[in-house]
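Throughout, a chain's letter reflects where its sequence line sits, starting with A, and its residues are numbered from 1.
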2 protein chains.
Amino acid sequence: MAESSTPSRERIVAGAADLISRRGLNATSIRELAKHAKAPLGSTYHYFPEGKQQLATEAVQYAGAAVARILRKELDEGPVAGLRAFLALWRGIVVESDFHAGCPVLAVAVEEPPADEIPPALVAAAEAFEGWEQLLAQSLRGHGADPERAPGLAALIVASVEGAIAMCRAKRSMQPLDQVAQQLEVLIAGALDDSA
Amino acid sequence: MAESSTPSRERIVAGAADLISRRGLNATSIRELAKHAKAPLGSTYHYFPEGKQQLATEAVQYAGAAVARILRKELDEGPVAGLRAFLALWRGIVVESDFHAGCPVLAVAVEEPPADEIPPALVAAAEAFEGWEQLLAQSLRGHGADPERAPGLAALIVASVEGAIAMCRAKRSMQPLDQVAQQLEVLIAGALDDSA
DNA sequence: GCTAGACTATGACGAGCGTTATAGCCAGAG
DNA sequence: CTCTGGCTATAACGCTCGTCATAGTCTAGC
């Protein structure tokens, strides 16, 4: 349980999230992953005996939890502050990678499952999205938004930001994310109780 | 130019768009593509001598143009009608594929370019997004929306629908797309001139 | 009928894949 | 010092990949 004595394992997971966010899940090899994390190939199968599937699942969970943590903290200042932090987080990732990196959760979500079973990594992606939506919806409700509309607004936020990240990468421009940011801010501000 | 006598070529391109929308670009092999289009492997290199890159580019252009055509037609009835057609189009693809297929343009947009050059397929993806946005923005402006806000709204529509498609696949539920549809309809209706 | 050119069939090339197996290292417990 | 067990190193397995080359088939035009 306590892998605190093994930074190698966490380095592999974090590196996997990064590499998957760039290349996509199926296009990321375990050999690349090991090299990227400066870990030997054998170690990946030592730490993740179920192979690539387990590694991908943990990478998605890792990224999902990291974003949720930031979101939870910034939402203390209200939905608009949380939205801004959410946007700034992704903006930083796209800009600092020169449009090479995106969202690992989205990357996993857009690859076909084997038709007869649902891979755990895809389930983890769904849970990551759901977690972000619930944090946003809860904050919206808590600041005077129509409780019936809050989940829809939260879904719109997550969906539009995820889509905008991909559009930024294709266009090699931050314009889509900035446009979405502006529209969302107006929309959210208008949906909140003015007294808040 | 006139490949009307060769349905094989178009079948390959259409099949490529479908397969890429499911598996992702890097995870789709030319052998699978040929088999899916019932064409021999050699034919793909006959029709697309520049290989996978050319095939991917044409597949993205094909899908982008097909969506643009539908959008252009339905936007004649106004922005809300166009939005509904846009949503219904993707909804059909996701539902009929049992959450296996998505948007091929998004699939190409989320895979890392080789760092030193921009692959033509990625350029095609950017152009597809841009085309959809311009059609939507033009219709919004033409129906009384604030001309300065129209491009931002159009970007929000495309981004949120693309993101919602991916979320639907992960959750194996149409809820995200339906939530986004509802929020967008309210938003767009409110942004239009009431006299229209 | 015959010839040219578009298409198909087939197989090979080196490379990389996920995964497994086995042997070696090396710190810490006894 | 010895021994144990977590970690590493290395090689190999069968497979698929993108791409290319070559030979075969078929159809249109003369």
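- Atoms CG and CD, from A:Leu19 and A:Glu32 in turn, are 6.0 Å apart once rounded to the nearest 0.5 Å.
- In this structure, B:Phe86 and B:Val67 have side chains that are in contact, with non-hydrogen atoms separated by less than 4.5 Å.
- Among the atoms of the strands shown, only primed sugar atoms or phosphate atoms (P, OP1, OP2) are found under 4.0 Å from some heavy atom of A:Thr28.
- With hydrogens and angles ignored, a donor-acceptor pair under 3.5 angstrom links the side chain of A:Arg31 to the base of C:dG18.
- Atom CG in B:Leu41 sits about 10 Å away from atom P in D:dC17, given to the nearest Å.
- The CG-P distance, from A:Leu19 to C:dC17, rounds to 11 Å in whole Å.
- A:Arg22 places no side-chain N or O within 3.5 Å of a backbone atom of A:His100 that could act as its donor or acceptor partner.
- The NZ-P distance, from A:Lys52 to C:dC17, rounds to 9 Å in whole Å.
- Residue B:Ser43 has no polar side-chain atom (N or O) positioned under 4.0 Å from OP1 or OP2 of C:dC7.
- At the phosphate of C:dG16, neither OP1 nor OP2 sits under 4.0 Å from any side-chain N or O atom of A:Ser29.
- Rounded to whole angstrom, the span from the NE2 atom of B:His46 across to the C1' atom of D:dA21 amounts to 15 Å.
- A distance-only check finds a donor-acceptor pair linking the side chain of A:Thr28 to the backbone of A:Gly24 [under 3.5 Å].
- Distance A:Leu33 CG to C:dC17 P: 10 Å, rounded to the nearest Å.
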